[in-house]
Structure formats: structure tokens, C-alpha cells
Amino acid sequence: MKWLALVVAALLWISPGESKCKLSNCLKMGNKAYVVSDNCNDVIKVIPKWEKKRCNRKWPQIETENDASLLLSKKWHVKRNLSLTVLLGENCCRELASKERLCFLTPDPSPESCEVKSVQTDKVCKGASFDEKVCNKKGRQDKYIVNITGTSATCVNCNKPVKHPEKAYSCDELRNKGVSINVTRGEDLDPVQASNVMKKMGQLTTSINTSSAALNMGEGVTGIIVRETDEEDVDEVSFAYEPPNNNISIIENRDSLAQFSRSVTVSKEAFEQAINLNVSVPFAAMFIFNNLAKDELNSTILGNEVLAVDMGANICNLTDKISIHFWNATYEGNASCRSWNGEGSRPNWTADGCLTIQNGENITCECSHLTFFAILLTPLNETISSSDLNNLTIITQVGCGLSIFFISIILFMHFLLRRTKASTSTRILIHLVSAMLLLNLTFLTNHYIVKLNSSVGCVIMAAAMHYFMLATFTWFAVKAFHLCLQLYMGGKIVISHYILKVSIISWVLPSVPGIVLLIKGKYGEQVIYTNDPEENVAMCWITDSDAHYIVNIGYYALVFVFTFTTFVIILIWLCCLRRTKSGNSPTGTSGRSILTILGLCSMLGITWGFAFFAYGALLIPSYYIFTVLNSFQGFFLFIYYYKTSQVGNTNADSSSSTDSSSTLGTLVPWENPYANLPDKR
């Protein structure tokens with residue numbers, strides 16, 4: 001009975017300065033209570049049965065240094081918020097059962113020789129910092145050192161905040177392990193090869209014998225693997241690097257991520273999901289691809305950095321998401337976090353499952369799955385809303401379809417019914433509508449050529465559409481020149497082979513810039529950006545913005561100045577003519593005058609100015625005006641052609657007409673430009 005009383009007295013003994021907690025009560029704190037003895041270095045069995053097979057590795061240890069008692073525990077204990085009760089004294093424990101490995105208390109008659117300390121790991125070690133002086137000693141790496149000698153325990157975290165991989169594998173070593181990739185200097189990396197490399201990470205993990213390894217696979221391809229041999233040790237892991245060096249470090253504490261401009265954090269939930277999917281060895285592998293081939297839309301990738309993360313299983317629907325940080329990133333445009341599942345011959349970036357957070361020069365991507373990641377950039381000055389683009393596309397397609405229909409009727413009427421009666425003005429008009437017909441056809445088929453994924457086909461389509469656009473501009477200028485020449489010469493043009501000469505110039509001249517751009521490789525896929533990256537549209541066009549501004553904007557600016565000046569002159573002459581003939585004018589001339597103006601705008605291409613010279617706040621309204629008017633340009637020309645082709649007054653373009661008023665008759669809808677003219681040019 002005396003012995004039993006001594007045992008009870010020892011169990012109820014409380015260390016001065018610690019929490020008023022009986023030892024017996026500390027042992028009843030559920031499955032999270034451990035008791036550590038400094039002599040037998042063992043744990044009293046108050047842990048669940050599932051812990052038996054791992055307890056040898058899990059037990060904390062006691063060290064003595066300068067009369068101080070240090071408790072060495074692993075991250076496993078700290079993360080689980082355990083209550084560690086420490087028995088200090090030589091007589092706290094004397095025997096160790098061989099089978100159950102239980103530490104039996106056999107206290108000395110004097111209870112002072114057995115001191116009890118209670119430590120709450122979550123409170124003591126929360127926010128503990130790294131101390132190189134304390135942690136450099138053997139056996140302390142990757143552990144928490146708790147000094148339990150004083151009245152209040154203190155903790156040092158010996159997990160280095162920034163770690164380097166334990167081993168580095170070269171290209172040849174990885175090739176011997178069955179993982180290789182062909183990297184050619186100056187060329188883009190095949191996305192299929194990159195995808196195959198990530199699929200072999202599980203196989204590679206089982207063949208390495210270290211907890212972490214750096215993977216060097218050639219120029220622009222760098223990777224790292226971190227593996228956990230014990231499922232209970234898994235926790236979130238962070239990788240960080242500083243371009244252009246791209247040496248990837250393992251980050252123990254998220255506070256240390258701030259010193260790097262790039263980082264990736266894989267959550268603990270992702271590890272747990274991989275374990276549930278029967279991954280043999282939990283691991284996380286990350287790769288940086290700096291030269292991955294671009295997608296079909298030729299999208300711009302921030303820093304040309306594509307990141308890939310793999311854990312040997314299909315990890316998705318994470319609530320604790322993968323975090324990708326780009327700090328102090330210099331870029332222009334709108335950033336969007338995108339992912340690609342590794343399928344297909346070229347990346348197909350999507351925003352599904354990724355959230356983009358922009359804060360000045362800092363970009364954070366939060367993604368609920370593991371795969372390839374990149375940050376795509378959309379130019380600020382080339383972006384419109386997806387709804388506006390959709391509306392403009394519908395209007396353009398309907399309008400171009402109508403234009404093709406009515407222009408086809410014009411050509412049918414001309415070649416089958418009225419070709420022999422055509423005047424010079426009408427022949428020039430036919431050349432103009434022919435160029436417009438081909439331009440509309442190439443525009444409507446452009447989208448389908450892009451879907452063929454043929455670079456050669458897209459180049460041909462872009463060159464053809466560009467040529468017909470320049471040809472249309474040229475015929476606008478020729479039509480304006482012809483009107484000015486008629487006014488100047490009083491309706492009588494005496495230039496020999498006039499139509500042949502203007503035809504050769506108008507059809508051959510546009511081919512010159514087209515051939516130059518074709519030789520320099522300026523044609524290909526061009527992206528129309530929207531505020532929603534999913535709604536971006538690709539088309540075959542000029543890929544160099546400088547070439548577009550010089551050739552297209554510059555050329556049309558010259559044409560516009562000339563045609564608009566001609567338009568103003570013609571309107572002035574029409575007004576003067578109407579005043580002089582106001583007494584004899586038929587009724588209902590207002591509608592015909594409006595029709596004349598619309599016909600002039602269509603023939604001279606005035607409406608194109610809304611698209612080419614749109615800027616600032618008027619950009620989107622100008623696009624709508626241009627799209628509506630220009631899409632129905634063929635319809636306006638048909639009405640104009642039909643009205644002017646009615647049999648009536650035959651003084652238009654007549655060689656016998658010498659006054660300017662008869663010349664203007666070619667513009668007035670109720671006069672007939674078709675006549676059997678004596679001069680056949």
C-alpha cells in the first residue's frame with residue numbers, strides 16, 4: 001500500500017511554474033497526449049493503435065545542453081498540436097517492457113527526483129524561427145528544439161526556411177532513368193515531349209533515393225522533385241526561383257517566399273488526394289519550360305515561362321488551391337492565369353479552374369488542379385469586350401453575306417445583260433465590285449482556314465485577303481480619279497486604252513506590298529483579344545503591327561484624302577447643278593439625292609475611315625458604324641447600279657457632251673450610264 005501511494009503521489013506531482021494540470025489528466029487528453037522520459041527515451045502508451053508501427057520514428061527525444069533540457073520533436077508533432085508531458089529525472093523510469101515498449105513509472109522514494117513538464121506544441125512552437133547556431137548540431141536538422149528548463153518553454157525551428165535539393169541529376173543521368181527531352185538551342189520545345197516528361201515523374205520518383213532532387217534537362221528546362229517516404233509526414237510544399245537563373249529552392253516557411261519573384265505552393269490537400277488515389281510514394285514535381293512552343297493563337301506568355309506541376313495522379317477540385325506567384329513582374333496588358341491539360345500537339349490554354357489576382361506588378365494564380373500553367377497577356381490597346389466582338393461578328397457576317405449576294409446580282413446583270421452597253425464609269429464600277437466580292441469571300445472563309453491548323457494555308461489566306469483589300473482601296477482611288485477627270489475634261493476622256501491602263505495599275509500595284517510581306521514572313525495567325533480570354537478569336541492576317549500600320553493605314557490614308565476631297569467636290573457640283581435646274585427638277589429628288597450620296601460613299605470607300613481612324617473613346621462606336629455601313633456596301637452599290645442602269649436619258653459619258661452638267665449626269669440615279677458610245681475604250 002505504501003508503494004502504491006508513492007506511485008500515485010508521483011503521478012499527481014506538478015512541476016512548479018507549469019500549468020495546474022495533474023499528470024493523470026494530461027494523459028487523458030485523448031489521442032494527442034504523449035509522455036516523454038529523459039532516461040528511457042520512450043513514450044507512455046496513450047496513443048491510438050494505428051500509431052504503433054510508426055511510434056519509433058515519432059517519439060520525441062530529450063537532450064541536455066549546458067544544464068538545459070531540450071525536447072527534440074519533429075514537424076509531425078507540432079502540426080498535430082500535441083500535448084507533450086515530459087518526465088525529468090533519473091528515477092522517473094527504470095524498466096522498459098520488451099514486448100509493448102512501454103515506459104513504466106517506478107519513482108524514487110523522494111518525488112523531487114522526478115519533475116513533470118507539460119508542453120502544448122501549437123502554442124510553444126507557433127511562429128518559431130530558425131537559429132543556425134542552435135540547429136547546426138548533429139541530429140537537429142528538420143526538428144523543433146524546445147527548451148523546457150525555464151519557467152516557460154521556448155522553441156527553435158530547425159527546418160531551414162530555404163532548402164536546396166539534396167541531389168542534382170544531369171541530362172545523362174535522367175536519360176539513363178528513362179526520362180529525357182530533346183532541347184535544341186534557339187528552337188521551341190515540342191509540347192508533346194514536355195507532356196511525356198511530366199507523365200514519367202512517378203516512375204522517376206521511385207528510382208531516386210533522396211527526399212529531394214534537382215532535375216536538369218537542358219537549356220530552358222529545369223525541374224525539382226520532393227518526395228515524402230512517410231504518409232504522415234506530408235504537408236504543403238513550396239518551390240521558389242529567381243529567373244533567369246531558375247535554380248529551384250524548397251521553401252519551408254511561406255514567409256520566405258517574399259525573397260523570390262516566382263513561387264509555387266502545393267497544398268497539403270493535394271498530397272492527401274494523391275495518397276487516396278493510391279500513389280505509392282507521395283511526391284510533388286515542378287518543371288519550368290522557358291521555350292515551349294506557342295499555342296494556335298500565338299498567345300503572349302508572361303516571361304515565356306510555362307510551369308508544370310505533377311503528383312503522379314489526377315489532382316483536381318481542390319478547395320485549398322495551388323498558388324502560383326509572380327512578384328514584381330514587368331509586363332504590359334491584361335494578365336490571365338491559364339492551364340493546359342497536356343493533350344494535343346500544341347497547348348490549348350483555358351481559364352477553367354484558375355483564378356487571377358492582380359495587384360499592381362504582382363500576379364497570383366489560384367488553381368484547383370495540377371497540370372501546365374502560364375500567365376497569358378492581352379494587349380491593353382487591342383482589347384474589346386467579348387460581347388462587342390460577338391455583336392460585330394454577327395453584323396459583319398450577315399452584312400458580308402448580303403453584300404456578296406447583291407454584288408453577284410450586279411455582276412450577273414452586267415455580264416449577261418448589259419455588258420455591251422456599259423460606259424467607262426460602269427466598267428470601273430464593275431472592277432470595284434469584283435474586288436469587293438473577292439474581299440468579302442476571303443473574309444468569310446478566313447475563320448474556317450484558321451480551324452484547319454495549317455500554317456501554309458493561313459499564310460495564303462492572309463496574303464489573298466490583304467491583296468484584295470489593297471485592290472479595293474486602289475479601285476476607290478481610280479473611281480475618284482475618273483470622276484475628277486470627267487469634271488476636268490467636261491465628260492470627254494481622250495486617253496487611249498484608258499480602261500486597260502487603269503486596270504493593270506489597279507490589279508498589279510497591290511501585289512507589290514503583298515509579295516514583300518510574304519517574303520519577309522509577315523503573314524500568319526493573328527489574335528483578336530477580348531476582356532475574356534476564352535472569347536479570343538484568331539484569324540489569318542498580318543502578324544506584324546508595324547507592317548499593318550505602314551502598309552494598310554498609310555496606304556488608305558492617302559486614298560482617303562483623295563477620295564474624300566473628290567466626294568466633297570462632287571457634292572458641291574451636285575448642289576450647284578440642282579440650284580440651276582430647280583425649276584425643272586422632278587418631285588421626290590430628296591430621296592434620290594440621299595441615294596446618290598450613299599452611292600458615292602460606297603464607290604469611294606469613305607466608310608472605311610471609321611475603322612482605320614477610330615481612336616480612344618470613339619473606338620467601339622466607330623467600329624459599329626463602320627461594320628454596319630461597310631457590311632451593306634454591296635447593297636448600296638446594287639441599288640445605285642440598278643437605278644443608274646434604267647433606260648432613260650442617254651447623255652451620260654457621251655462623247656458629244658461637253659459641259660460639266662452632263663458629266664455629273666453619271667452620278668444622278670435617274671440618268672442612264674449605258675449608251676452605245678462611239679468611242680470604245
Side-chain angles (χ1 to χ4, degrees), residues 141-142 160 162-231 233-234 237-251 262-264 266 270-271 274-275 277-293 304-315 340-347 370-374:
Q141 288 75 20
D142 300 331
K160 285 187 177 181
V162 178
K163 302 178 183 178
H164 300 293
E166 295 181 17
K167 185 174 181 180
Y169 288 90
S170 64
C171 291
D172 294 335
E173 290 175 315
L174 292 172
R175 189 176 292 108
N176 294 334
K177 292 180 177 293
V179 181
S180 63
I181 193 169
N182 296 324
V183 181
T184 304
R185 182 182 293 272
E187 294 185 4
D188 292 336
L189 175 66
D190 184 7
V192 176
Q193 292 191 54
S195 180
N196 291 335
V197 165
M198 299 309 298
K199 291 177 182 178
K200 295 179 180 179
M201 287 299 100
Q203 169 190 336
L204 179 62
T205 302
T206 57
S207 67
I208 63 177
N209 54 9
T210 57
S211 62
S212 61
L215 310 175
N216 239 330
M217 306 198 71
E219 184 181 2
V221 182
T222 308
I224 190 172
I225 284 182
V226 171
R227 69 176 197 162
E228 298 288 354
T229 55
D230 196 323
E231 294 180 3
D233 286 335
V234 299
V237 61
S238 296
F239 306 106
Y241 64 98
E242 192 72 32
N245 190 15
N246 288 359
N247 290 330
I248 306 174
S249 300
I250 306 167
I251 309 302
R262 306 286 191 271
S263 67
V264 176
V266 181
F271 278 101
I275 294 172
L277 293 173
N278 297 322
V279 174
S280 57
V281 179
F283 74 94
M286 191 198 85
F287 267 85
I288 308 168
F289 298 98
N290 288 114
N291 53 352
L292 194 69
N304 198 28
E305 298 174 52
V306 175
L307 307 179
V309 184
D310 185 76
M311 300 183 73
N314 183 23
I315 308 299
W340 167 52
N341 60 9
E343 298 179 358
S345 59
R346 301 176 73 177
L370 296 184
T371 183
F372 289 83
F373 301 100

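In what follows, every heavy atom counts, from backbone to side chain, and hydrogens, waters and symmetry copies are set aside. By convention here, the first residue in the shown sequence is residue 1.
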How long is the straight-line distance from [atom2] of [Y] back to [atom1] of [X], given to the nearest 0.5 Å?
X: Lys167; Y: Thr210; atom1: NZ; atom2: OG1; value: 7.0 Å
X: Arg175; Y: Ser170; atom1: CZ; atom2: OG; value: 8.5 Å
X: Ser195; Y: Trp340; atom1: OG; atom2: CH2; value: 5.0 Å
X: Asn246; Y: Thr222; atom1: CG; atom2: OG1; value: 5.0 Å
X: Ile224; Y: Ile250; atom1: CD1; atom2: CD1; value: 4.0 Å
X: Asn304; Y: Ile288; atom1: CG; atom2: CD1; value: 12.0 Å

Work out which heavy atom in [X] is nearest to a heavy atom in [Y]; give both atom names and the distance.
X: Gly312; Y: Val279; result: O-CG2, 4.1 Å
X: Thr206; Y: Ser280; result: CG2-OG, 4.0 Å
X: Val306; Y: Ala374; result: CG2-CB, 4.3 Å
X: Phe239; Y: Ala284; result: CZ-O, 3.9 Å
X: Gly344; Y: Val192; result: O-CG2, 3.8 Å
X: Pro191; Y: Leu292; result: CA-CD1, 3.7 Å

So, the side chain of [X] versus the backbone of [Y]: is there a donor-acceptor pair under 3.5 Å, distance only?
X: Gln203; Y: Lys200; answer: no
X: Thr205; Y: Met201; answer: yes
X: Asn216; Y: Cys171; answer: no
X: Lys177; Y: Ser207; answer: yes

Check the pair Phe289 / Phe287 against ring-ring contact (aromatic ring centres under 6.0 Å, His included), numbers first and verdict last. CA-CA 6 Å; Phe289 298 98; Phe287 267 85; 5.8 Å; yes
Is there a side-chain contact (heavy atoms from CB on, under 4.5 Å) between Val221 and Leu215? Walk through the geometry before answering. CA-CA 9 Å; Val221 182; Leu215 310 175; over 6 Å; no
Counting C-beta onward and ignoring hydrogens, is there a side-chain heavy-atom pair between [X] and [Y] closer than 4.5 Å?
X: Met311; Y: Leu370; answer: yes
X: Tyr241; Y: Leu307; answer: yes
X: Arg227; Y: Pro282; answer: no
X: Tyr169; Y: Val179; answer: no
X: Leu174; Y: Leu204; answer: yes
X: Thr371; Y: Val309; answer: no
X: Ser263; Y: Ile251; answer: no
X: Val226; Y: Lys163; answer: no

Can you check side-chain contact (heavy atoms from CB on, under 4.5 Å) on Met217 and Val197, steps first, answer last? CA-CA 10 Å; Met217 306 198 71; Val197 165; 3.9 Å; yes
Tell me whether Lys160 at atom NZ has more than 12 heavy atoms from other residues, nucleotides or ligands lying less than 6.0 Å away. no
